Amino acid sequence: MQTSSNPATLIEHEPTSLRQDAWRRLRANRLALVGAIFVALLTLVAIAGPWLSSYDFLSQDPNALSAPPSWAHWLGTDELGRDVLARIIYGARTALIVAVAVTFLAVLIGVTLGAWAGYRGGRADSAISWLIDVTMSVPGLLLVAVINTSLKPPMVAWFGAMYQQTLNPFFRNTNLIDMLLIVASMALITWPPYARLVRAQIITIRSRTYVTAAKSIGLKSRDIILRHILPNAIGPVVVAVSAGLGTAMVLESAFSFLGIGINPPTPSWGNMIADGLRVWRNDPHLLAAPAAVLAISTIAFSFLGDGLNDALNPKRGEN
C-alpha cells in the first residue's frame with residue numbers, strides 16, 4: 001500500500017504539543033478571551049493610571065461637589081469634589097496589588113504545605129490536614145478583623161517612633177500598614193484551598209513509576225517534589241490562581257467596605273462603595289461606578305479561570 005508523501009498531508013497530521021493544544025482551546029473560548037482582554041486592560045490601567053487621568057485622585061474641586069457625570073468629569077465627583085474616574089483608576093492599582101500579593105502568599109503557603117502533606121503522608125499529612133480544617137472553620141471576617149484591630153495600633157505607634165528617630169518620610173505612610181495587614185490576614189484565610197488541591201494531586205502522582213524511580217536512585221524528597229511531582233500537579237493550581245485573583249479582589253473590597261481593609265484617603269473600590277452607599281439616593285453615580293467596575297472585573301477573572309480550566313484539562317476534549 002502506498003503512502004502519501006504530500007508535505008501538506010504530513011503537516012495536517014503532525015501531532016501538537018499539550019501547550020499548543022491548550023492554547024488552541026483557549027483561543028476557541030470567546031468568553032475566556034473576553035476575560036483575558038479585560039484583565040490585560042485592567043492591569044494596563046493599574047500600571048499607567050497617573051497618565052490616563054487628567055486629575056489626581058486626591059485633588060478637590062470646590063466648584064464641583066457631588067457633580068454628576070459630565071465632559072469635565074466623566075464619572076462625576078464625590079462630596080469632596082474629587083474625580084470619581086481618577087479614584088477608580090487608582091483603586092484598580094490597589095485592588096491588583098492586594099490581589100496579586102494575597103494570591104502569591106496563599107499559593108506559596110498552600111503549595112508548600114499541600115505538597116509536603118501529600119508526599120510524606122502519615123503524621124505530616126494528618127497535622128497539615130488538621131491545620132487546614134481549623135483554618136477553614138474559623139470565620140474569615142472574624143480573623144481579619146482580629147488581626148487588623150489588634151496589630152494596627154502597635155504598628156502605627158512603632159512607625160511613629162521610627163519617624164521621630166530617623167525623620168524618614170517612609171514611616172509616615174500609614175497606608176502601608178493597612179496594605180501589609182490586609183495582605184497578611186487575607187493570605188491566612190485563603191491558602192487552605194490551594195493546599196487541599198495540591199495535596200490531592202500529589203497523592204495521585206506520588207505512586208507513579210517516575211516518582212518510584214527517582215526514589216530508587218536516592219534523590220532527596222525536596223528534589224523529587226520540586227523536579228518530578230509539582231510540575232505535573234501545577235495545572236489545576238494555575239486555574240485556581242486565576243479564580244483566586246478575582247476572589248481576593250472581592251474580599252479586599254468587602255473588608256475595605258467594612259472599614260478593616262484599605263482606609264481613606266487611599267482609594268479602594270470597597271471604601272468607594274461604602275461612601276457611595278451613604279448618598280446613593282441623591283448621587284447614585286458614586287455607588288454605581290465602583291460597584292460596576294468591581295462586578296465586571298470579577299466576572300472577567302471568572303471567565304478567564306473557566307477558560308483555563310477547559311484548556312488545561314485534557315479530559316474535556318473537543319465539544
Side-chain angles (χ1 to χ4, degrees), residues 91 93-118 123-159 173-200 236-237 239-264 266-275 277 290-291 294-295 297-298 301-302 305:
R93 177 179 296 183
T94 302
L96 278 181
I97 289 176
V98 172
V100 171
V102 168
T103 305
F104 173 78
L105 288 178
V107 169
L108 181 63
I109 298 171
V111 168
T112 301
L113 294 179
W116 190 252
R123 293 183 178 178
D125 187 17
S126 299
I128 294 175
S129 297
W130 175 83
L131 181 61
I132 292 173
D133 293 336
V134 170
T135 304
M136 296 187 71
S137 65
V138 177
L141 174 61
L142 176 62
L143 181 60
V144 173
V146 168
I147 292 175
N148 279 267
T149 55
S150 60
L151 294 183
K152 186 173 181 177
M155 290 185 67
V156 170
W158 183 80
F159 265 57
N173 185 9
T174 56
N175 292 327
L176 179 62
I177 298 176
D178 292 336
M179 191 77 72
L180 292 174
L181 288 176
I182 195 63
V183 167
S185 56
M186 285 177 58
L188 289 178
I189 66 174
T190 55
W191 68 266
Y194 298 106
R196 280 188 168 180
L197 179 61
V198 172
R199 175 182 174 274
V237 177
V239 177
V241 165
S242 177
L245 287 169
T247 302
M249 195 175 294
V250 173
L251 285 176
E252 181 275 322
S253 298
F255 293 136
S256 297
F257 175 84
L258 295 173
I260 55 176
I262 307 299
N263 292 314
T266 301
S268 166
W269 293 342
N271 58 44
M272 291 182 67
I273 293 173
D275 292 339
L277 192 62
L294 176 61
S297 301
T298 306
F301 276 106
S302 178

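Bear in mind the structure is a predicted one, so any value in this text is a computation, not a measurement.
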Looking only at heavy atoms, which two atoms of [X] and [Y] are closest? And how far apart?
{"X": "Ala101", "Y": "Val183", "answer": "CB-CG1, 3.8 Å"}
{"X": "Leu141", "Y": "Leu258", "answer": "CD1-CD1, 3.5 Å"}
{"X": "Phe255", "Y": "Gly140", "answer": "CZ-O, 4.4 Å"}
{"X": "Ser256", "Y": "Ile262", "answer": "OG-N, 3.0 Å"}
{"X": "Glu252", "Y": "Ala95", "answer": "OE1-CA, 4.1 Å"}
{"X": "Ser268", "Y": "Asn271", "answer": "O-OD1, 2.8 Å"}

Would you mind reporting whether [Y] and [X] have side-chain heavy atoms less than 4.5 Å apart?
{"X": "Val98", "Y": "Met249", "value": "no"}
{"X": "Asp178", "Y": "Thr266", "value": "no"}
{"X": "Arg199", "Y": "Leu113", "value": "no"}

ask   = Under 3.5 Å, side chain of Thr298 to main-chain N/O of Leu294, donor-acceptor pair present?
value =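 Judged by distance alone, yes, a pair lies under 3.5 Å.
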message = Test your reading of the model: is there a side-chain donor-acceptor pair from Asn148 to the backbone of Gly261, 3.5 Å cut-off?
response =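 Pair absent, no side-chain N/O of Asn148 close to backbone of Gly261.
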request  = Output all residues satisfying salt bridge (charged side-chain N to carboxylate O under 4.0 Å, His left out) with Arg93, sequence neighbours left out; order by chain, then residue number.
outcome  =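 Here no residue qualifies.
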Could you give the side-chain donor-acceptor pairs of residues 185-195 under 3.5 Å, partners two or more places apart or in another chain?
from: Ser185; atom 1: OG; to: Leu181; atom 2: O; distance (Å): 2.7
from: Ser185; atom 1: OG; to: Ile182; atom 2: O; distance (Å): 3.3
from: Thr190; atom 1: OG1; to: Met186; atom 2: O; distance (Å): 2.8
from: Trp191; atom 1: NE1; to: Leu188; atom 2: O; distance (Å): 3.2

query = Could you state the interatomic distance from CG (Asn263) to CD1 (Ile177), rounded to the nearest 0.5 Å?
reply =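 Here the rounded value is 11.0 Å.
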message = Could you check whether atom CZ of Phe159 has more than 12 heavy atoms from other residues, nucleotides or ligands sitting under 6.0 Å from it?
response =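 Count over threshold, so yes.
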